[in-house]
Amino acid sequence: MNIAVINSGSSSIKFQLFHMPEKKVLAHILVEKIGEFISDTILEYEDKKLVITSVIKNHHDGLEEIISLLSKHEILEDFSSLSAIGHRVVHGGEEFKTSTLIDASVLEKIEALIPLAPLHNPANLEGILVAMKKAPDVPQIAVFDTAFHSHMPQEAYLYALPYELYEEHKIRRYGFHGTSHAFVLKQTAEILQKKSEELNIITLHLGNGSSACAIEGGVSVDTSMGFTPLEGLIMGSRCGDIDSAIVIHLHRELGMSIDEIDKLLNKKSGLIGICKNNDVRTIIELGDEKSQLAIEMMVRRIKKYIGGYMALLGRVDAIVFTGGIGENSAYIREMVLESLACGIELDYAQNKRNATIISTKISSVKLMVVKTDEEQEIANECLSLLKN
Ligand code: ADP
């Protein structure tokens, strides 16, 4: 069966077509700059790559372009022959603890969650509505970034703010990157030949956006992102954890507006804030004083989360690196892992090779590198929902 996965952003649609259960990728299409003067569409299938420029006014036109490319290149003749379309939805709030077949009431609930994810949920919703119009008889399934973290205990997800803010306004930690942490957990279990439920692991998704997750018995019990994806690790352009009184100070003493502070914390902070660059590979290559400082700050924060999660979990079977930085940068992994103590030992040669297991045989905790694939996980979720 063929399953499509749609990740709809505010000005882009990422589309992937899978043949399941073989997990074969039949096509990968990226429509970028939707609504701009000229849009780019990149189609990859078999070993071909095509770049098309055209005018794509909105998401509807974007999906039209995708459907016509699939047919033109004989990848998928009939869009309504799909067995399911899986949609990435960033925020599922407290409502959605698992992936869900979309109906009118689910649409309403995703819409009601817009205040919690004003940048993401509207675009996700737009993608769903357009796909429902184009393929009304195909099951559409929502897979939420927050769902994997929805079983965190209350002491993990509550902020020490007046309890009414949680009760009345749902201000709490939700966690994000859940689809990636869930996928990496399953891969880790497969590699270690264990069941997910048997594993206590720490997953580190390190990309442009980064998050850490403490997984106990296969369940996320804590994660570094919170009410929004701003909290936690130091990221490409996001500050991660800061003293929240800084926000008050920026407003009160520096006269910055809330919108300016929002931009400062989300777009001008993190690595960019320290060394004017958010690309870790480039920062490492540059290696000047500010670049080194930015990397050291980022690494220190990761170490602090590992230490905290080790204390929470007690027994840790593996620390798993994923995401663009986690999968590719032996340098960052080495900085994070050296001198972690507690009998954790990095195999430097295996680490340099980006091997899957990068700890020595006598290490007390397995150190691993596992490639994430959120689209694959969404297709897997669709498949298991169709089966039930
Ligand atoms: P996103 O969160 O946007 O999906 P990615 O997971 O693709 O981002 O990660 C992007 C980051 O990974 C960038 O900072 C990039 O420099 C970094 N990266 C990719 N390859 C390497 C590498 N070989 N060494 C260091 N950093 C790398």
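Note that these values count all heavy atoms, side chains included, but never hydrogens, waters or copies made by symmetry. Both counts, for ligands and for their atoms, begin at 1 and track the order of listing.
Under 3.5 Å, the side chains of Asp78 and Ser81 contain no donor-acceptor pair of N or O atoms. For the residue pair Asn266 / Arg238, no side-chain donor-acceptor distance below 3.5 Å is found, with atom types taken as modelled. Side chain to side chain, Gln376 and Asn380 meet the donor-acceptor criterion of an N or O pair below 3.5 Å. At a cut-off of 3.5 Å, with distance as the only test, no side-chain donor of Asp222 or Tyr305 sits close to an acceptor on the other residue.
Using bins of under 30°, 30° to 60° and over 60° for the plane-to-plane angle, the ring pair Tyr174/His91 lands in the perpendicular bin. The aromatic rings of Tyr157 and Tyr166 sit tilted, their planes meeting at an angle between 30° and 60°.
Considering only non-hydrogen atoms, atom 27 (C) of ligand 1 lies nearest to Gly324 out of Gly324, Gly209, Gly207.
The nearest protein atom to atom 23 (N) of ligand 1, hydrogens excluded, is given as Asn328 CB, 3.4 Å; this is a heavy-atom distance. The protein heavy atom nearest to atom 26 (N) of ligand 1 is Arg281 N, 3.6 Å. When hydrogens are left out, the protein atom nearest atom 24 (N) of ligand 1 is Ser329 CB, 3.6 Å; that is the closest non-hydrogen contact. Scanning all protein heavy atoms for the shortest distance to atom 13 (C) of ligand 1 gives Val280 N, 4.1 Å. Among protein heavy atoms, atom 8 (O) of ligand 1 sits closest to Asn208 N, 3.2 Å. Distance from atom 17 (C) of ligand 1 to its nearest protein heavy atom, with residue and atom name: Ile325 CG1, 3.6 Å.
More than 12 heavy-atom neighbours from other residues, nucleotides or ligands sit within 6.0 angstrom of NZ on Lys186.
In the vicinity of Asp279, heavy-atom distances shorter than 4.0 Å reach the ligand 1 atoms 14 (O), 15 (C), 16 (O). Using a 4.0 Å cut-off to heavy atoms of Asn278, the atoms of ligand 1 that qualify are 14 (O).
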